[in-house]
Engineer: 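Supplied in structure tokens, the structure appears directly below.
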Amino acid sequence: MSDNQPQYPGHHPAYDPAAQQQQQQYGYGYGHGHDGQNPYAQQDAYGHQDAYGHQDAYAPQDAYGQDAYGHQDAYADPAHLPSQPHQVTLTPEEPAARPHPQPARPQAAAPASTAHLAPNQRARAEGRSPIIPPGIQPAALTAVLAVLLALTAPLPRPVLAVPVVLLQAVTAAGWFRLNGMWPARQGIALAFLAGLVTDVALLATDRSEAPVVALGTLGVWCAFVLVLQLRNRSSADERMYALTAGIASTALAVLASGHLAAAPQAVTVGGAAVALATLARALPLPSVVSVAVALLAAAGAGIAAGQLNGFGTAGAFLGLAAGGCALIGLRVASYDYPSRFVHLTAGVALPLTLAAPAVYVLGRALGH
């Protein structure tokens, strides 16, 4: 097609190989003219871009010579362009060779701290047994109280009543605290008062009347505990829990007065057996071995005390029974809500309190 042939809008000339070669030779490739614009390209309504995706030379550009579509102006003067941060051009092989970032592995959750928990709660959280024995200090206090009972047993009964009253006070307070009820002043006072009334009644009567006195006092004081809980404005479950704890504490305080009703020789043998059994149980030995050693120590203490006060070899049976009851009391004081206060109250009193029935019954059965 000749140069003088008229061209109409939207009309494209026939493909001319010679003209195409000439354009490529002078660097105007792909049909661009000297003004950088294809005369045959169709522009949009704004004159920004032709049908082949090339940018109009008059399109607005930024400070770096780039238009709104990111194309660089071929005629922009590099000397007048602001400095750009250095960019590293990667070869096609480099992105494949670059190691891909590995996703972060989830970290294992750190174990929660158990330092703020109670000893029994910490033991449960760590998978251990929540039963925590009172230890050597409560065992030593139990031994001291047991020796006081053993030494005052041959003396007049009002003298023996002093360590018995102390035992009842510690029993009443320790049982409420063992059940998680603190402060419980009315319940503790009522249970302790039941023990005092039983002591006074036993001192006023013969030893053979001790069961009747204990049962009568316990019945009256259980009625008092029931009346006290009727005045309680707590929920039904809390009232029932307080009622059972109050009755149990009252029964234990009355039960501790059995040392005051038992034979003096039996009280001496039982006190010596409980003292050695609690000390042996507190030794750092395996559980089964510790129990066996404690029972043997209780039996040995019963024999030794029986030989000294005329109770005879029957003291071995009484000592073994009293030592077994003491271990049961230690077990009870080691479970549920063990704390320092529980160990120094219930852990001290329950071994001697639970041994009182064995001391009284076996003392009478063996003829003393």
Engineer: What's the verdict on side chain to side chain donor-acceptor pair (under 3.5 Å) for Asp237 and Ser235, showing C-alpha distance, side-chain angles and the deciding distance?
Structural biologist: CA-CA 6 Å; Asp237 293 338; Ser235 62; 5.5 Å; no
Engineer: Side chain to side chain contact (heavy atoms under 4.5 Å, CB included) with Trp175: which of Val332, Val342, Thr345?
Structural biologist: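 Exactly one option meets the side chain to side chain contact (heavy atoms under 4.5 Å, CB included) with Trp175, and it is Val332.
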Engineer: Under 4.5 Å between side-chain heavy atoms, chaining through other members, with only Ile, Leu, Val, Met, Phe, Trp and Tyr counted: pull out the rest of the cluster around Val291, sorted by chain and number.
Structural biologist: Leu295, Leu320, Leu327, Leu330
Engineer: Treating Ser257 as the side-chain partner and Ala253 as the backbone partner, does any N or O pair qualify as donor plus acceptor under 3.5 Å?
Structural biologist: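 Not at all, since once roles are kept as given, no pair shorter than 3.5 Å links the two residues.
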Engineer: Hey, does the side chain of Tyr360 reach the backbone of Leu260 with a donor-acceptor pair shorter than 3.5 angstrom?
Structural biologist: no
Engineer: Could you give all pairs that pass the side chain to side chain donor-acceptor pair (under 3.5 Å) test and reach residues 286-312, with sequence neighbours left out?
Structural biologist: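 Side chain to side chain donor-acceptor pair (under 3.5 Å) check on residues 286-312 returns Arg281-Ser290.
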Engineer: Verify, without hydrogens or angle tests, whether His259 (side chain) and Pro357 (backbone) share a donor-acceptor contact under 3.5 angstrom.
Structural biologist: no
Engineer: If you link ILVMFWY side chains whenever their heavy atoms are less than 4.5 Å apart, which other residues fall into the same cluster as Leu228? By chain and number, please.
Structural biologist: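 Answer for Leu228: Leu190, Leu193, Val197, Val220, Trp221, Phe224, Val225, Leu226, Met240, Leu243, Ile247.
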Engineer: Around atom CZ of Arg331, are there more than 12 heavy atoms of other residues, nucleotides or ligands at under 6.0 Å?
Structural biologist: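 No, CZ of Arg331 has 12 or fewer neighbouring heavy atoms, counting only those of other groups under 6.0 Å.
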Engineer: Rounded to the nearest 0.5 Å, what's the gap from CZ on Arg239 to CG on Leu230? Could you check?
Structural biologist: 8.5 Å
Engineer: Restricting to non-hydrogen atoms, name the atom on Ala191 and the atom on Ser249 that form the minimum distance, rounded to 0.1 Å.
Structural biologist: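 Residues Ala191 and Ser249, closest heavy atoms: CB-OG, 3.3 Å.
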Engineer: Check for me, please, whether Ile328 and Leu350 land in the same ILVMFWY cluster - side-chain distances under 4.5 Å, paths through other members count.
Structural biologist: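 Yes, Ile328 and Leu350 fall within the same hydrophobic cluster.
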Engineer: Kindly give the cluster partners of Leu344, where membership spreads through any ILVMFWY side chain lying under 4.5 Å from a current member.
Structural biologist: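 Besides Leu344, the cluster holds Leu141, Val348.
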Engineer: Looking only at side-chain N and O atoms, does Thr171 offer a donor or acceptor that is under 3.5 Å from a partner on Thr353?
Structural biologist: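 There is such a pair (donor and acceptor under 3.5 Å, judged by atom type) between the side chains of Thr353 and Thr171.
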Engineer: Taking all atoms of both residues into account, what is the closest heavy-atom pair of Ala153 and Thr268, and its distance?
Structural biologist: CB-OG1, 3.6 Å
Engineer: Side chains of Pro351 and Cys325: does their closest heavy-atom pair fall under 4.5 Å?
Structural biologist: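 Side chain of Pro351 against side chain of Cys325, heavy atoms only: no contact under 4.5 Å found.
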Engineer: If two hydrophobic side chains count as joined below 4.5 Å and joins carry through other members, does Phe192 share a cluster with Leu167?
Structural biologist: no
Engineer: List, by chain and then residue number, the residues other than Leu151 in its hydrophobic cluster (Ile/Leu/Val/Met/Phe/Trp/Tyr, side-chain heavy atoms under 4.5 Å); write none if there are no others.
Structural biologist: Val147
Engineer: Suppose the criterion is side chain to side chain donor-acceptor pair (under 3.5 Å): which pairs have a residue in residues 193-202, not counting sequence neighbours?
Structural biologist: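 Residue pairs passing side chain to side chain donor-acceptor pair (under 3.5 Å), neighbours aside: Gln168-Asp199.
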Engineer: Over all heavy atoms of both residues, which pair between Ala173 and Ile188 is shortest? Give the atoms and the distance, please.
Structural biologist: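 Nearest pair, atom of Ala173 first, then Ile188: CA-CD1, 3.9 Å.
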Engineer: Are any of the side-chain heavy atoms of Leu218 and Thr250 separated by less than 4.5 Å?
Structural biologist: yes
Engineer: Enter the distance from Arg177:CZ to His343:NE2 here, rounded to the nearest 0.5 Å.
Structural biologist: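 The NE2 atom of His343 is 11.0 Å from CZ of Arg177, to the nearest 0.5 Å.
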Engineer: Are Phe341 and Val170 linked, directly or through other ILVMFWY residues, by side chains that come within less than 4.5 angstrom of each other?
Structural biologist: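 In one cluster with Phe341: Val170, no.
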Engineer: For Leu362 and Phe317, which heavy atoms make the closest approach, and how far apart are they?
Structural biologist: CD1-O, 4.1 Å
Engineer: Looking at every heavy atom in both Val293 and Ala280, which two are closest together, and how far apart are they?
Structural biologist: CG1-CB, 4.1 Å
Engineer: Do the non-hydrogen side-chain atoms of Leu252 and Leu354 ever get within less than 4.5 Å of each other?
Structural biologist: yes
Engineer: So Thr313 and Ile303, do their side chains get closer than 4.5 Å, heavy atoms only?
Structural biologist: no
Engineer: Tell me, with the steps shown, if Ile132 and Ser334 meet side chain to side chain contact (heavy atoms under 4.5 Å, CB included).
Structural biologist: CA-CA 5 Å; Ile132 303 174; Ser334 303; 5.6 Å; no
Engineer: Hydrophobic clustering (ILVMFWY, side-chain heavy atoms < 4.5 Å, transitive) - are Val274 and Leu160 grouped together?
Structural biologist: yes
Engineer: If you look at every heavy atom in Ala301 and Ala272, which pair is closest and at what distance?
Structural biologist: CB-O, 3.6 Å
Engineer: Any side-chain to backbone donor/acceptor pair from Thr217 onto Ala214? Under 3.5 Å, distance only.
Structural biologist: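 Checked: no pair found.
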Engineer: Keeping the roles fixed (side chain from Arg207, backbone from Ala263), state whether a donor-acceptor pair exists under 3.5 Å.
Structural biologist: no
